[in-house]
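A short worksheet on the structure shown next.
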Amino acid sequence: MPTRPQALPDSDAARATSPAAPFAALVEALPIAVAVFDAGLELVASNERYRELTGLGAGQALRCSIRDAFPNALGDLGAQIDAAASGSA
């Protein structure tokens with residue numbers, strides 16, 4: 001069974017010492033909104049621009065489902081999300 005990816009650390013200090021620190025720094029430095037999801041379609045990383053646009057705080061965003069991460073944008077994508085979540089997409 002594949003191992004589940006770990007969420008990026010939530011604090012600056014934890015991110016700096018994490019093996020994922022280079023990735024976290026890259027995600028945070030991008031000027032566009034970035035949201036990264038695991039195979040279960042749970043949010044494992046996002047940057048400040050994404051959180052500004054969605055109004056979610058870092059604690060709210062971490063591990064939320066894709067539906068909660070984009071509540072206003074997914075109305076027409078329900079079937080595709082369900083297929084991806086079940087592994088059939």
Side-chain angles (χ1 to χ4, degrees):
M1 176 175 215
T3 59
R4 183 180 181 123
Q6 296 297 311
L8 294 177
D10 203 21
S11 72
D12 290 338
R15 274 194 294 272
T17 59
S18 166
F23 177 73
L26 173 66
V27 167
E28 198 58 50
L30 292 170
I32 60 172
V34 177
V36 180
F37 295 87
D38 65 12
L41 300 180
E42 288 186 344
L43 189 68
V44 294
S46 65
N47 67 358
E48 183 65 28
R49 181 67 181 137
Y50 163 82
R51 293 186 299 272
E52 287 172 1
L53 290 173
T54 62
L56 295 173
Q60 291 174 300
L62 191 60
R63 289 286 175 207
C64 73
S65 74
I66 192 167
R67 292 179 192 280
D68 293 333
F70 300 104
N72 297 323
L74 297 178
D76 297 331
L77 300 175
Q80 292 89 339
I81 293 169
D82 292 341
S86 70
S88 62

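Everything numeric here is computed off the predicted structure, so don't read it as measured data. Atom set for the values below is all heavy atoms of this structure, side chains included, hydrogens, waters and symmetry mates excluded.
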Kindly determine whether L30 and N47 satisfy side chain to side chain contact (heavy atoms under 4.5 Å, CB included), including the steps that lead there.
CA-CA 8 Å; L30 292 170; N47 67 358; 4.2 Å; yes
Using the side chain to side chain contact (heavy atoms under 4.5 Å, CB included) rule, take V34 and Y50 through it: C-alpha gap first, then chi angles, then the decisive distance, then the call.
CA-CA 6 Å; V34 177; Y50 163 82; 5.7 Å; no
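With sequence neighbours left out, Q60 forms a side-chain hydrogen bond (donor to acceptor under 3.5 Å, both in side chains) with no residue at all.
No side-chain donor-acceptor contact under 3.5 Å links E42 to the backbone of I66.
Distance CD1/I32 to CG/L53: 11.0 Å, rounded to 0.5 Å. Taking CG from L62 and CG from L56, the interatomic distance works out to 11.0 Å, rounded to the nearest 0.5 Å. Taken from CZ in F37 to SG in C64, the straight-line distance is 6.5 Å, to the nearest 0.5 Å.
D38 has a carboxylate O that lies under 4.0 Å from a charged side-chain N of R63, or vice versa, which qualifies the two as a salt bridge. Ion pairing of E28 with R49 is absent here, as no side-chain N (NZ or NE/NH1/NH2) approaches a carboxylate O to less than 4.0 Å.
Scanning both residues, L43 and A61, for their nearest heavy atoms gives CD2-O, 3.1 Å.
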